[in-house]
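Below, each value reflects all heavy atoms present in this structure, side chains not excepted, and no hydrogens, waters or symmetry copies. Positions are given from 1, in the same order as the sequence printed here.
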Amino acid sequence: MKKSQLFQYAILWHPTEKQSKEEGLKSKVLVEPKTILAETQPSALMAASMEIPSDKKDQLDQIEILLRPF
């Protein structure tokens with residue numbers, strides 16, 4: 001069995017250029033930084049992606065998942 005590694009992630013939402021200009025929207029943090037254990041970076045990314053709020057799942061091109069290993 002492979003050892004688990006420690007990862008941290010946060011999820012950001014970025015407005016489109018149109019939303020930024022017309023509505024004055026700015027990027028915001030959807031999920032504050034969290035720490036998890038995962039065997040690989042792809043599995044940590046998968047776990048993080050499951051945390052995307054349901055009201056933003058139709059805007060995946062505006063979502064950024066920041067992931068870092070320790």
Side-chain angles (χ1 to χ4, degrees):
M1 185 167 118
K2 193 172 181 181
K3 287 185 181 179
S4 293
Q5 300 174 20
L6 191 65
F7 292 91
Q8 268 192 332
Y9 70 89
I11 301 175
L12 305 178
W13 174 84
H14 301 288
T16 62
E17 285 186 35
K18 182 179 178 182
Q19 290 172 323
S20 187
K21 288 179 182 176
E22 293 179 5
E23 301 173 36
L25 296 177
K26 297 184 180 193
S27 296
K28 61 182 174 180
V29 177
L30 295 179
V31 177
E32 293 288 333
K34 289 187 177 183
T35 303
I36 60 169
L37 286 173
E39 288 186 7
T40 63
Q41 189 161 346
S43 62
L45 186 58
M46 178 63 74
S49 67
M50 295 173 78
E51 294 287 323
I52 296 171
S54 59
D55 65 324
K56 298 292 186 195
K57 290 198 182 210
D58 62 335
Q59 301 173 21
L60 293 178
D61 57 330
Q62 294 172 254
I63 301 290
E64 180 179 11
I65 299 175
L66 304 169
L67 178 71
R68 71 174 182 175
F70 279 89

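- If you chain together hydrophobic residues whose side chains sit under 4.5 Å apart, Leu60 and Val31 fall into the same group.
- Atom CG of Leu66 is separated from atom CD1 of Ile11 by 9.0 Å, given to the nearest 0.5 angstrom.
- The two residues Lys34 and Glu51 have their closest heavy-atom pair at NZ-OE1, 3.1 Å.
- Remark: the backbone N or O of Glu17 is not paired with any side-chain donor or acceptor of Ser20 at under 3.5 angstrom.
- Side-chain contact between Gln62 and Lys56: absent, with no pair of heavy atoms (C-beta onward) separated by less than 4.5 Å.
- Once rounded to the nearest 0.5 Å, the distance linking CG of Leu30 with CD1 of Ile63 reads 5.0 Å.
- With His14 as the partner, the side-chain hydrogen bond (donor to acceptor under 3.5 Å, both in side chains) test is satisfied by one option alone out of Lys26, Glu64, Lys28: Glu64.
- With a 4.5 Å cut-off on side-chain heavy atoms, Gln8 and Phe70 count as touching.
- Taking CD of Gln59 as the reference point, atom OG1 of Thr16 lies at 9.0 Å (rounded to 0.5 Å).
- Of all heavy-atom pairs between Ser43 and Glu39, the closest is OG-N, 3.7 Å.
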Practice problem: Go through the steps for Glu23 and Lys18 under the test salt bridge (charged side-chain N to carboxylate O under 4.0 Å, His left out), then give the verdict. | Solution: CA-CA 8 Å; Glu23 301 173 36; Lys18 182 179 178 182; over 6 Å; no

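- Here the side chains of Ile65 and Ile52 are in contact, with some heavy-atom distance below 4.5 Å.
- Put simply, the side chain of Leu67 reaches to within 4.5 Å of the side chain of Gln41, judged on heavy atoms.
- At least one side-chain heavy atom of Ile36 sits less than 4.5 Å from a side-chain heavy atom of Tyr9.
- Considering CZ of Phe7 and OG1 of Thr40, their distance stands at 6.5 Å, rounded to 0.5 Å.
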